Structures are given as C-alpha cells and as structure tokens.
Amino acid sequence: MLYFESDYTEGAHPKVLDALIKTNMESLSGYGNDHYCESAKEKIKKACECETAEVHFLVGGTQTNQIIIDSLLQSYQGVVAATTGHIAGHEAGAIEYTGHKVLTIPEIQGKINASTLKQFLEDFYNDGNHSHMVFPGMVYISHPTEYGTLYTKKELEDISTICHEYKLPLFLDGARLGYGLTSSQTDVTLPDIAKLCDVFYIGGTKVGALCGEAVVFTKNNTPAHFITFIKQHGALLAKGRLLGVQFDTLFTDNLYYEISQHAIKMANLLKDIIKEKGYPFYLESSTNQQFIILTNEQYKLLQEKVRFSFWEKYDDHHTVIRLATSWSTTQENLLKLKDIL
C-alpha cells in the first residue's frame, strides 16, 4: 500500500530522531525550562527577524489553534475564518468547545480577501442589534490554506491593515508553513509573516518533527500567564525538552527549509505524473497538497492500492481527492504511484 494520505504518515526526520536519541539520557528541567528550548527559541526569533518575539512550544495543531484563540478572545467574542478554514471544518468543534463561535465568511480557493473581511466587519457594526450578537474578536487564516493555496504578500498586507483598523489580532495557522515558504510561487517570507501577523505558528508535526508546533507572538502581545493557560487546557508537556530538541534541530543548518523544499520537489513531480496520466486537477496548488478529480469508479479502484484523503464530492459521479507529499516522500514511491494511475 502506498501512502499519500497526508504529510504526517511517517515518524520524524532522521536528524530529529537522532537528536532525541543523543539527548535522551540528559537530565533537564521540565515544562520547557531547558537549554534546548531556549536555543530553539533564539533560532526561531532570528529566522523571523523579530528579536522581541515570544516563542512557546505546543504539542499539536488542534491544541495550538484552540489555546491561541481562547486566550486572545473575550467571552463574548468569536473568531473570523473562511468557510473552508481548518478551524471551521476539521477541528471537531474544538474552538466552539471553549465557548467561542467560528464566524465564517466566503472564500476563494480557501483564501479570504480584505474586501470581504471589511464588508463583514462593516455589516456587523452597522447592525443595530450587534450588541446582542457574537463580536468578531480576531481573524484566522492558514498558509497554506486547506486547499494548498497561498496568500501573496500584498494579500496579507491588505488583511493585516483591516485587522489593525478594527483592532483585531491576525492569527496565521502555519501547520504546513514550511511547504508554503518554500513554494516557487510565493513571495512571502517568514519575516513578512512575523511583521504582518500578531501571532502565528510554525508547524513541526507535518514538517519533519514527531510532534510539536512553535507559537510566535510578534507584538509583545502574549496573553498574561500563557503557560498557566496552556496547562489549564491540558496541553503543557512535562517533558518540554522533546519539543525544544526537535525545533532546535529543525532550525539548525537550514534543515526546516531543506526538507520542505524536498516535499515541493516531490509535489512538482507528482503534478507532472497527474498531468501525464490525464487526471483533471480540482484547482491549482503550488504546495505539497494536490487535489484531483476522479470518477467514482476510479476512486474505488485507487483505494485498493493507495491511501489518500477524500476531500469532497464533485458531483454525483465524481469525487475530489487529495494526494500529499512530505519531507519523507520518495521518488521511488511516486514512480510506483505512476504505474498504478
């Protein structure tokens, strides 16, 4: 069975795993109070060109999204997101579980735009009954989006401007950030994101780590007693070293970018294979997620030999699936997939 189901079907990059083994017998303080976590934080701040940033490590994307959103919102506020946003469709209600509503707005190929956001906010405050409604308290985007699409620097600047105008924190979900930053079609850098967003995170789980996400607050805006808040949510890892060692390794000698570039290289080869075999793309993605349209019969046949993600029904006779490459994808497996297709 071939696996193109997601970008976290394997364990960890060998260098990350080797670092965990080499440091295994060291005695270190818990909860992230160790020199590996401190080293990783300094390397991330340097990569962001934001020396005043505050960095925290969490174990997974769902916990990270939930905790950031819950910690920044008041009880009467919700978070604005695209209708296809990860927190709106694939978090099992984790945000709503904290008492905060996800306020969805229209999107185009997974992306919201500044004009739509501004219209939503204007309509809210022009509504004479808005004091009885859930207030927009922050804006959530992801880069790449759920459809593997990317924001341009100009689009991020425009969204950031609207957020600042309405005094709303802009939060960027970077679970797959490495694959966005290394796409040949992007003009967005990590320092750009640090400048334009109030908080974002650098995904490790899907980009070479066993687990872990690095949360970056960029505007001296970390919520008070944030670590206590993390613990209240059951997400504070006692052996915080596990996260520090991994991110310290990922941000040494450009490893995070190198393994992300590998996934993009494999994705481009995957795209060539799909085109050669004549399968239609659902949309154009320049990142590691590729979406294609299969007939229902093709879907059933492919299931017998390949693990992939169901995405959505295209119509009664066709289905959209996602094929994902990662830091661990091999050319050998892509050629095997080619033979199957």
Side-chain angles (χ1 to χ4, degrees), residues 5-12 31-32 55-73 77-104 107 110 112 137-148 169-180 193 197-217 222-223 226-240 242-244 246-247 250 287-289 309-312 322 324 326-327:
E5 188 174 15
S6 68
D7 34 27
Y8 47 94
T9 54
E10 285 77 28
Y31 304 107
V55 182
H56 295 269
F57 299 114
L58 281 92
V59 291
T62 299
Q63 297 94 328
T64 302
N65 285 332
Q66 185 194 64
I67 289 168
I68 289 175
I69 292 169
D70 194 24
S71 67
L72 288 175
L73 293 181
Q77 292 178 321
V79 53
V80 181
T83 53
T84 56
H86 191 72
I87 60 170
H90 293 130
E91 293 280 38
I95 309 307
E96 290 86 348
Y97 188 74
T98 65
H100 300 291
K101 187 174 183 179
V102 179
L103 305 166
T104 57
E107 45 72 39
I112 63 173
M138 65 188 298
V139 174
Y140 164 97
I141 58 175
S142 63
H143 185 81
T145 70
E146 288 294 276
Y147 286 91
L170 176 58
F171 167 35
L172 186 146
D173 175 336
R176 293 185 168 93
L177 187 56
Y179 304 134
I193 291 171
C197 298
D198 298 281
V199 58
F200 67 96
Y201 70 94
I202 301 168
T205 302
K206 297 174 181 176
V207 194
L210 277 175
C211 61
E213 324 298 321
V215 179
V216 185
F217 288 93
T222 305
F226 189 61
I227 292 176
T228 306
F229 203 92
I230 295 171
K231 190 159 191 173
Q232 285 185 334
H233 282 256
L236 185 61
L237 189 62
K239 294 183 180 179
L242 296 177
L243 303 176
Q246 292 184 83
F247 274 95
L250 288 171
T287 60
N288 71 312
Q289 301 178 84
S309 293
F310 165 85
W311 210 247
E312 60 189 67
R322 183 189 71 179
S326 76
W327 59 272

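All of these numbers come straight from a predicted model, not from anything done at the bench.
- Summarising the geometry, atom OG belonging to Ser142 is positioned 8.5 Å from atom OH belonging to Tyr201; distances are rounded to the nearest 0.5 Å.
- Remark: Ser71 engages Pro223, Phe226, Phe229 in a side chain to side chain contact (heavy atoms under 4.5 Å, CB included) (not counting sequence neighbours).
- Applying the side chain to side chain contact (heavy atoms under 4.5 Å, CB included) criterion to Leu237, with sequence neighbours excluded, gives Val59, Leu242, Leu243.
- In this structure, Leu236 CG and His56 NE2 are separated by 11.0 Å, a value rounded to the nearest 0.5 Å.
- Proximity of Ile112 to Ile141: side-chain heavy atoms (C-beta onward) are separated by under 4.5 Å at one or more points.
- Distance CD1/Ile95 to CD1/Ile67: 10.0 Å, rounded to 0.5 Å.
- Looking at residues two or more places apart in sequence or on another chain, you find a side chain to side chain donor-acceptor pair (under 3.5 Å) between Asp70 and His100, His233.
- Between Thr98 and Ile69 the shortest side-chain heavy-atom distance does not fall below 4.5 Å.
- For Tyr140, the side chain to side chain donor-acceptor pair (under 3.5 Å) partners two or more places apart in sequence, or in a different chain, are Asp173.
- Between the side chain of Thr104 and the backbone N or O of Ala82 there is no donor-acceptor pair closer than 3.5 Å.
- Residues Phe171 and Met138 approach most closely at CB-CE, 3.6 Å, considering heavy atoms.
- Residues Ala94 and Gln66 approach most closely at O-NE2, 3.0 Å, considering heavy atoms.
- In Tyr97, the OH atom is not crowded: 12 or fewer heavy atoms of neighbouring residues, nucleotides or ligands sit closer than 6.0 Å.
- Checked against ring-ring contact (aromatic ring centres under 6.0 Å, His included), Phe247 has the following partners two or more places apart in sequence or in another chain: Phe57.
- Using a 4.5 Å heavy-atom threshold, the side chains of Leu250 and Val207 count as separate.
- Listed by chain and number, the residues in a side chain to side chain donor-acceptor pair (under 3.5 Å) with Thr62 are Glu91 (sequence neighbours excluded).
- The two residues Gly110 and Thr145 make their nearest non-hydrogen contact at O-CG2, 3.6 Å.
- Judged by distance alone, with hydrogens and angles left aside, the side-chain atoms of Asp198 form a donor-acceptor pair with the main-chain N or O of Leu170 at under 3.5 Å.
- Tyr8 pairs by the ring-ring contact (aromatic ring centres under 6.0 Å, His included) definition with nothing, not counting sequence neighbours.
- Using a 4.5 Å heavy-atom cutoff, the side chains of Lys206 and Ser6 are not in contact.
- Atom CG of residue Leu58 and atom CD1 of residue Ile68 lie 7.0 Å apart, to the nearest 0.5 angstrom.
- For Asp7, the salt bridge (Lys or Arg N to Asp or Glu O under 4.0 Å) partners two or more places apart in sequence, or in a different chain, are Arg176.
- In this structure, Phe200 CZ and His143 NE2 are separated by 11.0 Å, a value rounded to the nearest 0.5 Å.
- Shown here are the side chain to side chain contact (heavy atoms under 4.5 Å, CB included) partners of His90, two or more places apart in sequence or in another chain: His86, Glu146, Trp311.
- Scored by the side chain to side chain donor-acceptor pair (under 3.5 Å) test, Ser326 finds Ser328 as partners (sequence neighbours excluded).
- For Gln77, the side chain to side chain contact (heavy atoms under 4.5 Å, CB included) test picks out Leu73, Gln74, Phe135, with sequence neighbours left out.
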Do any side-chain atoms of residues 209-216 form donor-acceptor pairs under 3.5 angstrom with protein atoms, and if so which ones, sequence neighbours left out?
{"residue": "Glu213", "atom": "OE1", "partner": "Gly204", "partner atom": "N", "Å": "3.3"}
{"residue": "Glu213", "atom": "OE2", "partner": "Thr205", "partner atom": "OG1", "Å": "2.5"}

